[in-house]
Amino acid sequence: MSEISFVTPKCRYPGGDDKIFGANARANQKSGEIGFENVINATVGALLNDDGSLSVMKSAMNHFRSLPDAEISAYAPIAGLPEFRDAAIKACFGDYRPDAHIEAVATPGGSGAIRNTIWNYSDPGDAILTSDWYWGPYDTQSTVNGRRLETYKLFNDSDEFNIDAFREKSAELVETQDRLVILLNSPAHNPTGYSLTDKEWESVMGTINKLAENPDKRIVLFADIAYIDFAGDGSSRGFMKLFGSLPENVLVIVAYSMSKAFTLYGLRSGAMICVSSNKYATEEFFNSCQVANRGTWSNGTRGAQKLLADVYADENLKAEIEWERAYYKTLLEERATSFQKASKEAGLETCPYRHGFFVAIPCDKPNEVAEELENRNIYAVALQKGLRFAVCSVSKDKCAKAPKIIKDAIITVESRKWKVESGKWKEKD
Ligand SMILES: Cc1ncc(COP(=O)(O)O)c(C=O)c1O
């Protein structure tokens with residue numbers, strides 16, 4: 001029988017497992033065969049307990065379960081419950097609310113905010129800009145929405161944010177497009193764990209102001225703060241003050257997500273929060289994003305919205321949630337410290353890690369290294385420029401063991417490049 005294709009060419013993609021879910025499935029299978037204690041599964045981008053079960057914040061879950069049935073079952077307004085939108089703004093900025101006009105619209109997590117931003121603020125065919133280490137769905141979201149992702153080098157030779165590369169690439173794109181959407185994930189960048197310093201943020205905003213000198217251009221900075229509640233203390237929001245008093249042709253959209261902050265990944269709740277010096281721009285944002293919601297997923301999850309609203313209306317509940325979150329933050333920090341210390345001892349190079357769920361390991365042939373690691377019962381995600389190791393899902397003890405094994409696997413793969421010819425080492429053709 002011949003194969004009949006129905007999907008339009010622009011929407012046709014090859015099948016196969018998602019890379020991360022595929023590696024996770026293999027890790028689980030191996031655990032079943034040789035025992036969980038003998039496998040290191042560093043593929044999962046969620047906080048797991050040491051025994052591999054999902055960490056769930058009981059304080060958030062108990063409150064969610066206590067909500068009246070109708071608060072969970074009913075539709076939420078398309079833009080989100082008004083009290084949720086207020087709470088999301090408070091949760092997002094903390095003590096560092098920028099001096100500007102601000103509006104929020106509910107989205108299904110940060111992912112929904114990415115989708116609406118790309119769709120509403122760039123033209124078909126436009127380049128969307130991010131760094132060369134990036135979270136894979138940035139590319140997927142750009143592609144399925146008929147845009148393309150372009151990158152600049154994230155780190156300079158001193159392992160700092162590469163402001164020169166950012167300046168050059170953004171200026172190049174602004175030459176040829178009227179609008180530029182910039183996706184910047186900090187603090188606790190996925191996959192590297194990098195967090196821009198306040199000084200680096202100042203340079204980024206300075207560069208954006210420069211791009212905006214031409215009043216016909218529209219610059220949209222999408223600040224992806226998915227992991228902010230696991231990055232440093234409240235002052236890690238200090239850079240957000242820089243979003244006030246911007247030129248009127250610069251718009252900032254901050255993606256607030258409840259997935260990590262409340263360990264409520266599956267409830268699909270968050271908000272896109274617009275910051276602008278221009279009141280019209282924020283009103284336009286609200287109206288357009290509301291319609292974009294209606295035209296895609298329609299409403300958000302009412303129960304999750306009610307939960308966040310209640311947290312900001314009840315000091316005790318807020319304190320309880322913050323206390324429990326602090327416990328998980330410490331757990332994460334201990335794992336990351338353990339991994340970093342062992343990396344130093346093993347001579348394993350990593351990207352500069354500051355906070356967050358992941359550590360990245362630059363290497364050649366990441367797919368081969370990942371395969372070699374699987375032979376040694378370690379499962380990590382192969383990216384274009386290296387591996388992603390999820391410290392969020394691996395116990396402190398296993399974090400201490402993994403770097404030496406990873407280093408050995410990299411050396412093994414490296415050594416395959418070489419052969420002996422006439423008594424001398426030569427690189428294979
Ligand atoms: C960098 C980054 N941004 C955004 C998200 C969005 O997550 P969610 O849609 O669950 O809020 C994630 C989740 O893994 C992420 O890693």
Side-chain angles (χ1 to χ4, degrees), residues 18-21 23-24 42-48 54-57 60 80 84 88 91-92 104-119 128-142 144-145 149 151 154 181-196 221-231 236 253-273 289 292-293 296-297 300-301 304-305 307-308 328 332 351 353-360 380-381 383-384 388-393:
D18 174 278
K19 214 170 187 174
I20 301 178
F21 289 100
N24 181 37
T43 61
V44 184
L47 269 171
L48 302 187
L54 187 71
S55 305
V56 179
M57 285 170 61
F84 164 76
C92 174
V105 169
T107 54
S111 303
I114 299 168
R115 186 269 163 198
N116 278 356
T117 301
I118 290 176
W119 187 254
I128 305 295
L129 181 63
T130 196
S131 56
D132 57 352
W133 289 94
Y134 62 84
W135 184 47
Y138 284 179
D139 191 24
T140 315
Q141 292 242 30
S142 302
V144 299
N145 289 305
L149 194 68
T151 61
L154 177 57
V181 171
I182 299 164
L183 307 177
L184 207 167
N185 174 210
S186 181
H189 176 253
N190 177 4
T192 65
Y194 193 70
S195 301
L196 270 69
L221 171 65
F222 182 87
D224 185 345
I225 59 160
Y227 299 91
I228 198 160
D229 286 309
F230 290 91
S236 61
I253 296 173
V254 188
Y256 176 73
S257 169
M258 292 180 70
S259 297
K260 281 83 189 174
F262 293 85
T263 65
L264 291 175
Y265 314 90
L267 277 187
R268 311 306 307 133
S269 189
M272 52 196 305
I273 300 171
C289 291
N293 275 2
T296 46
W297 43 77
T301 309
Q305 294 180 13
L307 165 64
L308 191 72
Y328 284 114
L332 177 66
C351 289
Y353 174 93
R354 299 237 165 96
H355 309 104
F357 281 32
F358 309 104
V359 176
V381 179
L383 308 170
Q384 270 169 26
R388 187 187 83 169
F389 188 98
V391 285
C392 56
S393 59

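We use all heavy atoms of the structure for the numbers below, so side chains are in, but hydrogens, waters and symmetry mates are not. Note that ligands are numbered from 1 as they come in the structure, with each ligand's atoms numbered from 1 the same way.
In summary, the atoms of ligand 1 found under 4.0 Å from a heavy atom of Ser259, numbered by their order in the structure, are 8 (P), 10 (O), 11 (O). Here is the list of ligand 1 atoms found below 4.0 Å of a heavy atom in Arg268: 8 (P), 9 (O), 10 (O). Ligand-side atoms of ligand 1 in range of Asp224: 1 (C), 2 (C), 3 (N), 4 (C), range being under 4.0 angstrom from any heavy atom. Per-residue contacts place Ser257 under 4.0 angstrom from the following atoms of ligand 1 (heavy atoms of the residue considered): 8 (P), 11 (O). Of all the atoms in ligand 1, the ones that sit under 4.0 Å from a non-hydrogen atom of Gly109 are 9 (O), 11 (O).
Remark: Lys19 NZ to Thr43 OG1 distance equals 13.0 Å, nearest 0.5 Å. Between the CE atom of Met258 and the OG1 atom of Thr263 there is a distance of 10.0 Å, given to the nearest 0.5 Å. Rounding to the nearest 0.5 Å places CG of Leu196 at 8.0 Å from CG of Leu154. Rounded to the nearest 0.5 Å, atoms CG (Leu267) and CG (Leu308) are 12.0 Å apart. Taken from CZ in Arg388 to CH2 in Trp133, the straight-line distance is 11.5 Å, to the nearest 0.5 Å.
Checking only distances, Tyr138 never comes within under 3.5 Å of ligand 1, N or O to N or O. Inclusion of Gly110 in the set of residues having an N or O under 3.5 Å from an N or O of ligand 1 is warranted.
Scanning for ring-ring contact (aromatic ring centres under 6.0 Å, His included) contacts around Tyr194 gives Phe155, with sequence neighbours left out.
Ring pair Tyr138/Trp135 is perpendicular by interplanar angle, where above 60° counts as perpendicular and below 30° as parallel.
The shortest distance between side-chain heavy atoms of Val181 and Leu129 does not fall below 4.5 Å. Proximity of Phe358 to Val381: side-chain heavy atoms (C-beta onward) are nowhere separated by under 4.5 Å.
The backbone and the side chain of Ser111 each have at least one atom closer than 4.0 Å to an atom of ligand 1 (non-hydrogen atoms only). No part of His189 comes within 4.0 Å of ligand 1, judged by heavy-atom distances. Contact annotation for Lys260 and ligand 1: only side-chain heavy atoms (C-beta onward) come within less than 4.0 Å of the ligand. At a 4.0 Å heavy-atom cut-off, ligand 1 does not touch Tyr265 at all.
Nearest protein neighbour of atom 1 (C) of ligand 1, counting heavy atoms only, is Asn185 OD1, 3.2 Å. Given atom 16 (O) of ligand 1, the protein heavy atom at minimum distance is Tyr227 OH, 2.6 Å.
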